[in-house]
Amino acid sequence: MSDQSSNLQLPYLAQGQAQKHVTVNESLLRLDAVVQLSAVSATTTAEPGAPSDGQVYLLPAGKTGAHWAAMSSDALAYYRDGAWEEIAPREGWIAYIKDTDTVLAYSGSGWASLRSTLAAAADTAVVHNTG
């Protein structure tokens with residue numbers, strides 16, 4: 001059995017584990033970042049100097065900063081407890097982007113407008129249904 005959940009990679013409690021609250025709190029923090037995902041920006045390339053606790057950014061190519069530079073493009077940069085955490089998105093995740101008032105969907109290879117993703121899916125469905 002794995003030591004974490006399949007979709008959100010939440011750590012499981014181990015039988016007889018000491019300090020169970022640490023593992024549970026880590027899971028709650030990750031859930032806080034990704035459930036009802038709302039990001040400050042998907043285009044900000046410079047790591048903010050004074051982020052607020054709980055802020056999430058979708059990292060674009062060309063990102064810079066002491067922490068962001070080492071993170072993957074398209075990852076979520078989640079600021080909590082004075083540190084940045086990288087969270088790898090999963091196919092099908094949807095994020096509201098505050099600075100552009102848009103909704104993006106993750107395809108497994110990148111973030112795209114939810115509107116264009118749905119339009120492409122509708123076009124594909126029409127082709128399959130008429131063929």
Give the minimum heavy-atom separation between [X] and [Y], together with the two atoms involved.
X	Y	result
L76	P89	CD1-CB, 3.9 Å
P60	T45	CG-CG2, 3.8 Å
V56	S38	CB-O, 4.0 Å

Below 4.5 Å, heavy atoms only, C-beta onward: do D101 and Y96 meet side chain to side chain?
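The answer is yes, as the side chains (C-beta and beyond) meet within the 4.5 Å cut-off.
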
I'd like to know if V40 and M71 are part of one continuous hydrophobic network [Ile/Leu/Val/Met/Phe/Trp/Tyr, side-chain heavy atoms within less than 4.5 Å].
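Yes, it is one cluster - the side chains of M71 and V40 are joined through contacts under 4.5 Å.
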
Report whether L59 and W93 are members of the same hydrophobic cluster (ILVMFWY, side-chain heavy atoms less than 4.5 Å apart, transitive linking).
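Different clusters: L59 never reaches W93 through Ile, Leu, Val, Met, Phe, Trp or Tyr contacts under 4.5 Å.
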
Among pairs that include at least one residue of residues 52-71, which meet side-chain hydrogen bond (donor to acceptor under 3.5 Å, both in side chains), considering only residues two or more places apart or in two chains?
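As it turns out, the side-chain hydrogen bond (donor to acceptor under 3.5 Å, both in side chains) pairs with a partner in residues 52-71, which skip direct neighbours, are E47-H67.
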
Test side chain to side chain contact (heavy atoms under 4.5 Å, CB included) applied to [X] - qualifying residues, sequence neighbours left out:
X	result
E91	none
S113	R115, S116
A95	L37, L58, I97, W111

Side chain to side chain donor-acceptor pair (under 3.5 Å) partners for [X], two or more places apart:
X	answer
T100	T102
S73	none
T43	S41

Which pairs pass salt bridge (charged side-chain N to carboxylate O under 4.0 Å, His left out) with one or both residues in residues 77-89, sequence neighbours excluded?
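Residue pairs passing salt bridge (charged side-chain N to carboxylate O under 4.0 Å, His left out), neighbours aside: E26-R80, R30-E85, R80-E85.
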
Residues that Y79 engages under ring pair (Phe, Tyr, Trp, His ring centres under 6.0 Å), provided they are two or more places apart
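W84.
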
